[in-house]
J.: 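Let me give you the structure first, and then I'll get to my questions.
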Amino acid sequence: MATTALGHTGALSRFTVAAVAAALVATGTDAVAADAPGNASKAREAASRLAESRPAAQAPAARSASTASAPTVEHRYLYGISGATLYEYRPDGRGGYGPRAFWDRDWDYYRNAAQVNNDGDANADDAWLWSVYGELFYISSEAPYVYIGGGWNIYNKVISPGSLGGAASADLIARDGSGKLWLYLGHSDGKLTGRTLIGTGWNIYSHISGYGDLTGDGRADIVTTDKSGVLWLHPGSGDYKKPFNARIKIGGGWNTFTYLAGVADLDLDGKNDIIARDKAGALYRYSGTGSARAPFKPKVKIGTGGWNTYRVLF
């Protein structure tokens, strides 16, 4: 079976999508019943189609001469879900992305996904997958899949900013419908501890995003935008019981964007970046500075219209 990569070495380059099929079929009825009684057969049908062949992987774009000696953080491919189709974008080595490539179909059965790096190299080799039936799966370059559990549709936002508890493995944060924010500490195999309440009132934010260290202190941080369009930085503390220090106001005008995503080190300068999509469908890169007070450089347009076709970017 031909496969492609998630990241540069890639969880999905070694993980046959048939493994997700097996997971869905094996866990289908009980897991799905938590959120969508009677719809298990739909997940099974989608799973069987996910096992079809994939495009062959190609070598990742090389660093340009000007960035070849830059510090290594983490780099990754970008994936977008449009309708039921998953597309892949590979970094072009110049701070943007090359042309999109078809990767998979039937991704209307997934609400979101989060790439993570649990083996300590420079690539995002692993990912959590969140199905529309509230099931959470974990895939990695080390093992086919881990079924985490059902019931995740109590949340309206689930992301992984990296490690918030100070361990080597990435963690998950999830916001429920009442605005409570919960932390799940992650193990290296993708399994999670019980949840810890880490905040209330988070429904004031339209976007919660970010991946890795944005402030230069080695701790994972996140950014949020409130409903008035103000961008806030939430610096990581390293304490899983209170993983974020007091928020820092970065600036207004961010309600022009309909999507934010942490993309690790896109411009290959050793600092983590984010991307933002505006209402016209253009895509911008905000390069990281490593400063808590001014964490991003001015935006750089890296994609013209058309990016609003994606309901999810990860």
Side-chain angles (χ1 to χ4, degrees), residues 6-11 60 63 67 70-79 89 91 95 97 112-128 138 140-141 157-174 181 183-188 190 198 207-225 231-240 243-245 247-248 250 259-276 284-297 302 313-314:
L6 183 86
H8 286 242
T9 56
R63 286 186 171 205
T67 60
T72 298
V73 181
E74 179 183 310
H75 39 270
R76 55 175 63 181
Y77 297 166
L78 178 69
Y79 294 87
Y89 291 88
Y97 296 103
N112 207 343
Q115 296 187 60
V116 294
N117 177 13
N118 276 346
D119 59 9
D121 62 11
N123 306 304
D125 297 324
D126 319 299
W128 277 289
Y138 179 80
S140 77
S141 57
K157 186 72 174 179
V158 176
I159 70 165
S160 176
S163 174
L164 293 174
S169 302
D171 307 316
L172 277 178
I173 57 176
L181 194 67
L183 171 66
Y184 291 84
L185 297 177
H187 298 289
S188 60
I198 58 172
H207 302 287
I208 304 173
S209 190
Y211 182 83
D213 178 20
L214 298 173
T215 63
D217 64 359
R219 300 187 179 111
D221 314 302
I222 62 171
V223 291
T224 60
T225 56
L231 182 74
W232 300 89
L233 171 71
H234 301 257
S237 69
D239 178 1
Y240 79 93
F244 302 114
N245 292 323
R247 67 181 187 174
I248 299 171
I250 304 304
Y259 207 92
L260 302 180
V263 292
D265 183 16
L266 178 56
D267 60 5
L268 303 177
D269 66 352
K271 298 180 178 68
N272 287 312
D273 314 314
I274 66 171
I275 57 172
Y284 297 87
R285 183 189 74 244
Y286 281 87
S287 295
T289 67
S291 167
R293 290 293 170 183
F296 302 113
K297 298 176 183 178
I302 59 172
L313 291 166
F314 68 93

J.: Could you pull out the closest heavy-atom pair between Asp171 and Ser160, with the gap in Å?
T.: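 Where Asp171 meets Ser160 most closely, the heavy atoms are O-OG, 2.7 Å.
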J.: Measure from the side-chain N and O atoms of Thr289 to the backbone N and O of Ala294, and report whether any donor-acceptor pair falls under 3.5 Å.
T.: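 It does hold such a pair.
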J.: Do you know the tightest heavy-atom contact between Ala174 and Tyr184?
T.: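 The answer is CB-CE1, 4.4 Å.
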J.: Would you give the length of the straight line joining atom CG of Asn245 to atom CG of Asp217, rounded to the nearest 0.5 angstrom?
T.: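 One finds 8.5 Å between CG of Asn245 and CG of Asp217.
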J.: Tell me, please, which residues at least two apart from Tyr97 pass side-chain hydrogen bond (donor to acceptor under 3.5 Å, both in side chains).
T.: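 Counting only residues at least two positions away or on another chain, Tyr97 forms no side-chain hydrogen bond (donor to acceptor under 3.5 Å, both in side chains).
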J.: Looking only at heavy atoms, which two atoms of Ala261 and Ser209 are closest? And how far apart?
T.: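 For Ala261 and Ser209, the tightest heavy-atom pair comes out as CA-OG, 3.2 Å.
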J.: Can you find a heavy atom in the side chain of Asp265 that is under 4.5 Å from one in the side chain of Asp273?
T.: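 In contact.
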J.: Once rounded to the nearest 0.5 Å, what's the spacing between atom CD1 of Ile198 and atom CG of Asp239?
T.: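 It is 10.5 Å, given to the nearest 0.5 Å.
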J.: List the atom of Tyr211, the atom of Asn117, and the distance in Å for their closest heavy-atom pair.
T.: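 Between these two residues, the closest heavy atoms are OH-N, 3.5 Å.
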J.: Taking the side chain from Asp126 and the backbone from Asn118, do they hold a donor-acceptor pair closer than 3.5 Å?
T.: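 Answer holds: yes.
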J.: Quick check: closest heavy atoms across Tyr240 and Gly165, and the distance to 0.1 Å?
T.: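 Answer, listing the atom of Tyr240 first, then Gly165: CB-CA, 3.9 Å.
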J.: If I take atom CG from residue Asn272 and atom CG from residue Asp221, how far apart are they, to the nearest 0.5 angstrom?
T.: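 Answer rounded to 0.5 Å: 9.0 Å.
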J.: Would you call the rings of Tyr79 and Phe314 parallel, tilted or perpendicular, taking 30° and 60° as the class edges?
T.: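 Correct class here is parallel.
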J.: Would you check if Val223 and Phe296 make a side-chain contact, meaning some heavy-atom pair closer than 4.5 Å?
T.: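 Sidechains of Phe296 and Val223: in contact.
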J.: Applying side-chain contact (heavy atoms from CB on, under 4.5 Å) to Val116 and Tyr138, what does each step give before you reach the verdict?
T.: CA-CA 10 Å; Val116 294; Tyr138 179 80; 4.1 Å; yes
J.: Work out which heavy atom in Leu233 is nearest to a heavy atom in Ala292; give both atom names and the distance.
T.: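 Minimum heavy-atom separation between Leu233 and Ala292: CD2-O, 3.2 Å.
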J.: Roughly how far, to the nearest 0.5 Å, is CG of Leu214 from OG of Ser291?
T.: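 One gets 11.0 Å once the value is rounded to the nearest 0.5 Å.
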J.: Is atom OH of Tyr284 surrounded by more than 12 heavy atoms (other residues, nucleotides or ligands) closer than 6.0 Å?
T.: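 More than 12 heavy atoms, drawn from other residues, nucleotides or ligands, come within 6.0 Å of this atom.
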J.: Is any side-chain heavy atom of Thr215 closer than 4.5 Å to one of Asp213?
T.: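 In short, these two side chains touch, coming nearer than 4.5 Å.
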J.: Heavy-atom distance under 4.5 Å between the side chains of Phe244 and Pro235, does that happen here?
T.: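 They are not in side-chain contact.
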J.: Take Ile250 and Ile248 through the test side-chain contact (heavy atoms from CB on, under 4.5 Å) and record every step on the way to the result.
T.: CA-CA 6 Å; Ile250 304 304; Ile248 299 171; 4.2 Å; yes
J.: Can you check side-chain contact (heavy atoms from CB on, under 4.5 Å) on Ile302 and Leu266, steps first, answer last?
T.: CA-CA 11 Å; Ile302 59 172; Leu266 178 56; 4.0 Å; yes
J.: Determine the sole option in Leu172, Ile208, Asn112 for which the side-chain contact (heavy atoms from CB on, under 4.5 Å) test with Val158 is passed.
T.: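 The passing option is Leu172.
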J.: Where the side chain of Arg76 meets the backbone of Ala264, is there a donor-acceptor pair that is under 3.5 Å apart?
T.: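 No.
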J.: Rounded to the nearest 0.5 Å, how far does CG of Leu231 lie from OG1 of Thr224?
T.: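 Rounded to the nearest 0.5 Å, the OG1-CG separation comes to 7.0 Å.
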J.: Would you please name every residue forming a side-chain hydrogen bond (donor to acceptor under 3.5 Å, both in side chains) with Arg219, sequence neighbours left out?
T.: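 Counting only residues at least two positions away or on another chain, Arg219 forms no side-chain hydrogen bond (donor to acceptor under 3.5 Å, both in side chains).
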J.: Just how far is it from atom CG of Asp267 to atom NZ of Lys297, taken to the nearest 0.5 Å?
T.: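 Spacing of CG (Asp267) from NZ (Lys297) equals 6.5 Å.
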J.: Show, in sequence, the C-alpha distance, side-chain angles and deciding distance for Leu313 and Tyr89, and conclude whether the side-chain contact (heavy atoms from CB on, under 4.5 Å) test is met.
T.: CA-CA 10 Å; Leu313 291 166; Tyr89 291 88; 5.6 Å; no
